[in-house]
Number of protein chains: 2
Amino acid sequence: MASTVLPLHPSQGSTCGKCPRNELCYARFLSYAKSVEQLDFQVSNRILHRGDHVFYSGQAFSALYMVRSGHVKTVMVTEDGEEQITGFSCPGDSLGADGLASGHYAVDAVALGTASICTLNFEHLLRNTARKEELQRLMLSMLSETILNNEELLLTLGKLDAQQRMATFLLKQSSAQQRNGCSPVSFTLPMSRADIGNHLNLAVETVSRLLTQFRQRGLIKFNRNDIEWLDIDTLTDLTNRREYATAAPLVTNNFLAHG
Amino acid sequence: MASTVLPLHPSQGSTCGKCPRNELCYARFLSYAKSVEQLDFQVSNRILHRGDHVFYSGQAFSALYMVRSGHVKTVMVTEDGEEQITGFSCPGDSLGADGLASGHYAVDAVALGTASICTLNFEHLLRNTARKEELQRLMLSMLSETILNNEELLLTLGKLDAQQRMATFLLKQSSAQQRNGCSPVSFTLPMSRADIGNHLNLAVETVSRLLTQFRQRGLIKFNRNDIEWLDIDTLTDLTNRREYATAAPLVTNNFLAHG
DNA sequence: GGAAACGGTTGATCCAGGTCAACCGGGGAG
DNA sequence: CTCCCCGGTTGACCTGGATCAACCGTTTCC
């Protein structure tokens with residue numbers, strides 16, 4: 001569990017103003033502030049590697065976290081040790097809000113690979129006097145986004161079948177990449193098939209079959225976890241519940257018949 | 001859509017100090033404030049009836065809401081009109097936080113029966129100067145609770161089978177009743193079988209069968225939606241993943257054989 | 001009062017996706 | 001270099017719960 005604290009200048013605020021990723025981190029919140037500088041507050045940063053924990057389930061709440069680079073999964077665990085991945089976080093996403101009310105984090109947050117994580121000490125945030133209202137709105141907005149994400153996931157898991165979930169997932173990864181300034185049709189999936197399956201409530205085998213199916217249909221190209229191309233339009237069609245099965249050549253069944 | 005605004009005394013804060021349910025509303029947040037009076041702020045109240053909306057999906061965000069009495073369901077809708085109930089709210093629960101980040105509510109909030117709903121104007125909340133920090137913590141805590149609830153629901157839906165979900169749901173309703181000062185073993189389910197099924201990702205028929213099964217096993221007594229008795233201990237056992245099928249007489253299959 | 005609509009229950013059947021099993025290829029350790 | 005392990009893929013089979021269908025009691029509305 002490697003941890004590095006970047007040099008800070010407490011009296012001058014944090015290093016956020018100079019962070020090369022600050023637009024990613026704050027882009028969605030800038031409507032609440034005139035400039036990034038107004039949001040400066042004490043922040044420390046550390047580098048994690050694959051499997052390292054940002055925080056543990058049950059650990060005392062002390063800070064909110066932002067992903068500066070890399071990817072993180074949040075995992076909730078049942079009494080008997082069964083794991084459920086409640087979300088994947090990418091640069092600009094916040095972590096840890098679920099621990100605020102109870103005083104203890106409710107999930108494990110685990111790095112999927114090398115990741116840079118910013119720690120926002122919660123008491124510092126609350127006591128920050130400059131631009132207090134902007135900060136307040138920022139925090140509320142961060143939590144609100146988390147709520148929205150979870151509700152959308154509930155909708156996805158509740159109303160979509162395996163194929164639709166997989167298409168939805170790929171598109172979500174794609175737009176996350178795009179938001180971070182990368183290509184939306186060429187990127188690397190940071191998580192394993194098992195993680196995807198766990199997150200989408202599907203067996204690993206189903207995930208694998210669907211990816212293969214999508215490839216055979218020409219909707220994606222990939223090698224291992226490297227997505228090389230992705231037919232966003234058709235995948236978007238797939239995420240909508242069918243019924244109009246005539247309109248698009250979905251060929252739900254026996255699509256392999258004349259492969 | 002009946003709506004009543006209770007008399008307010010803006011200059012003196014709201015009516016919360018005199019609200020007979022304020023303990024329910026704030027009990028979980030009192031660690032953040034010395035007394036309920038410190039949390040007073042402008043609040044209006046209205047009475048809704050079965051099917052009335054607290055707010056609509058897509059409607060511009062302007063306020064957070066608290067359930068003073070009655071019950072509310074939050075429903076997210078897919079593009080093609082499919083509905084997913086993301087949660088049920090009872091007295092003391094907050095509503096509307098998912099609209100804060102985007103500026104538009106993401107779900108429909110619909111009264112399950114007659115309900116009294118308090119409206120907390122968001123800009124008023126932010127501009128409230130007395131006890132600003134307590135209010136800030138209160139709001140963050142409210143949002144954090146919502147996040148936690150959704151994550152627990154994701155775990156329930158992702159890792160538990162139909163029977164376990166149903167047991168979990170009944171216990172959750174039971175403890176919600178208890179929290180509101182009512183009997184945890186004798187209460188009325190405010191929602192239909194269809195709503196329960198939608199919420200738990202189960203067919204109505206499955207919900208009905210499981211309730212009947214529980215009754216036949218002597219775990220609950222009910223008539224229509226009136227729960228008259230509920231074996232909390234055994235139901236709690238049921239919520240845990242089995243495997244130790246020998247320890248408890250779960251009799252998962254053919255339990256009807258010698259009924 | 002009758003009928004129609006609605007919520008709930010129960011039985012019979014079906015299927016999407018889980019489970020089990022075999023296999024494959026790459027990468028790390030010795 | 002070889003071996004082993006792990007993540008991924010593919011095939012065959014199985015099952016939990018959905019779907020379809022019939023029916024019943026209540027409520028609501030002519």
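Order of the sequence lines fixes the chain letters, A, B, ..., with proteins taken first and strands second; residue numbering starts at 1 for each chain. Values reported hereafter were calculated over all heavy atoms of this structure, with side chains retained and with hydrogens, waters and symmetry mates removed.
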Note: for Ala194(B) and Arg209(B) on DNA chain C, the residue whose nearest nucleotide lies more 5' is Ala194(B)
| request: Please determine, by modelled atom types, if Thr74(A) and Thr86(A) share a side-chain donor-acceptor pair under 3.5 angstrom. | output: yes
So, Asp226(B) versus Thr188(B): side-chain donor-acceptor pair below 3.5 Å or not? yes
Quiz prompt | Between Arg209(B) and Gln213(B), a side-chain donor and acceptor under 3.5 Å | solution = no
Of dG11(C), dA18(D), dG18(C), the nucleotide closest to the side chain of Thr206(A) is dG18(C)
Separation of dG17(C) atom C1' from Leu210(A) atom CG, nearest Å, is 10 Å
Between CG of Leu112(B) and P of dG7(C) the distance, given in whole Å, is 13 Å
In whole angstroms, the gap separating P of dT26(D) from CG of Asp226(B) amounts to 13 Å
Assess whether atom CZ of Arg50(B) is packed by more than 12 heavy atoms of other residues, nucleotides or ligands within 6.0 Å.
no
At under 4.0 Å between heavy atoms, what does Ala162(A) touch on the DNA or RNA strands: base, sugar-phosphate, or nothing?
sugar-phosphate
* To do: Indicate, with a heavy-atom threshold strictly under 4.0 Å, whether Leu202(A) touches base, sugar-phosphate, or nothing.
  => sugar-phosphate
By nearest-nucleotide position on DNA chain D, the 5'-leaning member of Arg165(B) and Glu205(A) is Glu205(A)
In whole angstroms, the gap separating P of dG8(C) from CZ of Arg193(B) amounts to 5 Å
Salt bridge present between Arg179(B) and Asp93(B) (N-O < 4.0 angstrom):
yes
With a 4.0 Å cutoff (strictly under), does any side-chain N or O of Thr212(B) reach OP1 or OP2 of dT10(C)?
yes
note: Asn225(A), atom CG; dT9(D), atom C1'; distance rounded to Å ~ 13 Å
In whole angstroms, the gap separating C1' of dT9(D) from CD1 of Ile196(A) amounts to 14 Å
With the side chain defined as heavy atoms from C-beta on, Arg224(A) is closest, among dT19(C), dG8(D), dT26(D), to dG8(D)
Rounded to whole Å, the CZ-C1' distance (Arg50(A) to dG7(D)) equals 10 Å
Here the distance between atom C1' of dT19(C) and atom CG of Asn201(A), to the nearest Å, is 16 Å
